[in-house]
Chemist: 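Structure in structure tokens, see below.
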There are 2 protein chains.
Amino acid sequence: MNAAKHDVFQAIADPTRRDVLKLLAHKELPISEISSHFPISRTAVAKHLHILSEAKLVSGRKVGREKIYQLRPEPLKELKDWLAFYEQFWSNRLSILKHVVENEEK
Amino acid sequence: MNAAKHDVFQAIADPTRRDVLKLLAHKELPISEISSHFPISRTAVAKHLHILSEAKLVSGRKVGREKIYQLRPEPLKELKDWLAFYEQFWSNRLSILKHVVENEEK
DNA sequence: TAAAAATGAAACCATTTGGTTTTATGTTCG
DNA sequence: CGAACATAAAACCAAATGGTTTCATTTTTA
């Protein structure tokens, strides 16, 4: 749970982390408030926040003794771009047929 | 590497699996051919295919002694839907401002 | 200033993950 | 038929993951 090995794909792989993102979509929140929404320890939630932070999906700023986390959806663009490539295969019947035909040709 | 605990999010979390999907986007292929594109063992690739298969992102059919795998992009729709929710936060300046304003109100 | 609050950091743990090697099993082809 | 081919299945392994508990640090606040 340390290095820069956490990209967007890995970050959103965990359901708890996806829930955290959804929570922060409403409103920025301090760790303790975030963790109060989950059945796991505050420490565990903090670790998830670190991972999300590495992936730049959230940012945290210290305010007094609290650390306030905020959603940073920009990195999700990478996911959107990745997805876009595959959309041609389902977006309509024609492109599906096109795909089949192309495979037949080979 | 077994149960039905592999959803789309987890399936695409691994870079090798994403590469496998991209390979199959061109054309359906047997395991040995797929694994020839990677620096890991055929067995390891087969396991990745099992995981992709659990997530319904690929399907395999046996033809003679070969098992031919095919891309099944449909489950990526779940990802697209998930993403759609967050797009409001980056799609244009107005919606970003809207987000800020809504948070101020609270 | 001392206690409470909020977080950080470290040590630890069981399970999962991504890989290997080895051993079987079914299929094709000379 | 027997060898070669393609995959399947099993046993094993190190590292990563998602948790925990315990202890320390910083900031309020009564």
Side-chain angles (χ1 to χ4, degrees), chain A residues 1-24 27-72, chain B residues 1-24 27-72:
Chain A
M1 226 152 271
N2 41 13
K5 62 196 154 196
H6 290 118
D7 61 357
V8 172
F9 291 92
Q10 258 205 255
I12 67 163
D14 183 89
T16 300
R17 285 195 291 269
R18 292 198 298 276
D19 289 344
V20 169
L21 291 181
K22 191 142 263 177
L23 239 189
L24 293 179
K27 173 175 191 288
E28 57 178 25
L29 291 172
I31 298 185
S32 50
E33 172 113 10
I34 297 172
S35 73
S36 76
H37 288 76
F38 297 91
I40 59 181
S41 70
R42 182 198 50 80
T43 315
V45 172
K47 284 189 189 177
H48 283 305
L49 285 166
H50 284 320
I51 291 171
L52 289 170
S53 198
E54 270 180 40
K56 317 266 192 194
L57 282 167
V58 302
S59 63
R61 66 179 204 283
K62 199 105 186 199
V63 174
R65 59 185 164 188
E66 291 189 325
K67 182 142 184 195
I68 315 272
Y69 276 97
Q70 190 179 1
L71 179 67
R72 281 296 169 85
Chain B
M1 226 151 273
N2 42 16
K5 62 197 154 194
H6 290 118
D7 60 356
V8 172
F9 291 92
Q10 259 206 253
I12 66 161
D14 183 89
T16 300
R17 285 196 291 270
R18 291 198 298 277
D19 288 345
V20 169
L21 291 181
K22 192 141 264 176
L23 238 189
L24 292 179
K27 173 174 192 287
E28 57 177 25
L29 292 173
I31 299 185
S32 49
E33 173 112 11
I34 297 171
S35 72
S36 75
H37 288 75
F38 297 90
I40 58 181
S41 70
R42 183 197 51 76
T43 314
V45 171
K47 284 187 188 177
H48 283 305
L49 285 165
H50 283 319
I51 291 171
L52 289 171
S53 198
E54 271 179 40
K56 317 266 192 195
L57 283 167
V58 303
S59 63
R61 65 180 205 283
K62 198 104 188 200
V63 175
R65 59 187 165 184
E66 291 189 327
K67 184 144 182 193
I68 314 271
Y69 275 97
Q70 190 180 359
L71 178 67
R72 280 297 168 85

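Chain A is the first sequence line, chain B the second, and so forth, proteins listed ahead of strands; every chain is numbered from 1. These values consider heavy atoms only, across backbone and side chains, with no hydrogens, waters or symmetry-generated copies.
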Chemist: Checking contacts here: which listed nucleotide (D/dT17, D/dT20, C/dG8) is nearest the side-chain heavy atoms of A/I40?
Modeler: D/dT20

Chemist: Listing time: all N or O pairs from protein to nucleotides 22-29 of chain C that are below 3.5 Å?
Modeler:
none

Chemist: For A/S32, report the nucleic acid contact type (base, sugar-phosphate, nothing); a contact means any heavy atom under 4.0 Å.
Modeler: sugar-phosphate

Chemist: At their closest point, which heavy atom of A/L71 faces which heavy atom of A/L24, and how far apart are they?
Modeler: CB-O, 3.8 Å

Chemist: Please state how far atom CZ in B/R17 lies from atom P in C/dG19, giving the value in whole angstrom units.
Modeler: 9 Å

Chemist: Looking only at side-chain N and O atoms, does A/K67 come under 4.0 Å of OP1 or OP2 in C/dG8?
Modeler: yes

Chemist: Can you tell me if A/Q10 touches the phosphate of D/dT17, counting only side-chain N or O atoms and a distance under 4.0 Å to OP1 or OP2?
Modeler: yes

Chemist: Could you check how far NE2 of A/H50 sits from P of D/dG18, rounded to whole Å?
Modeler: 14 Å

Chemist: Sequence neighbours left out, what passes side chain to side chain contact (heavy atoms under 4.5 Å, CB included) with B/S41? Give chain and number order.
Modeler: B/T43, B/A44

Chemist: Write out all pairs satisfying side chain to side chain donor-acceptor pair (under 3.5 Å) with one or both partners inside residues 56-66 of chain B, taking only residues at least two apart or from two chains.
Modeler: B/E28-B/R61

Chemist: Without decimals, in angstroms, what is the distance between A/F38 CZ and D/dG18 C1'?
Modeler: 14 Å

Chemist: What nucleotide among D/dG18, D/dT7, C/dG19 has an atom nearest to a side-chain atom of B/H48?
Modeler: C/dG19

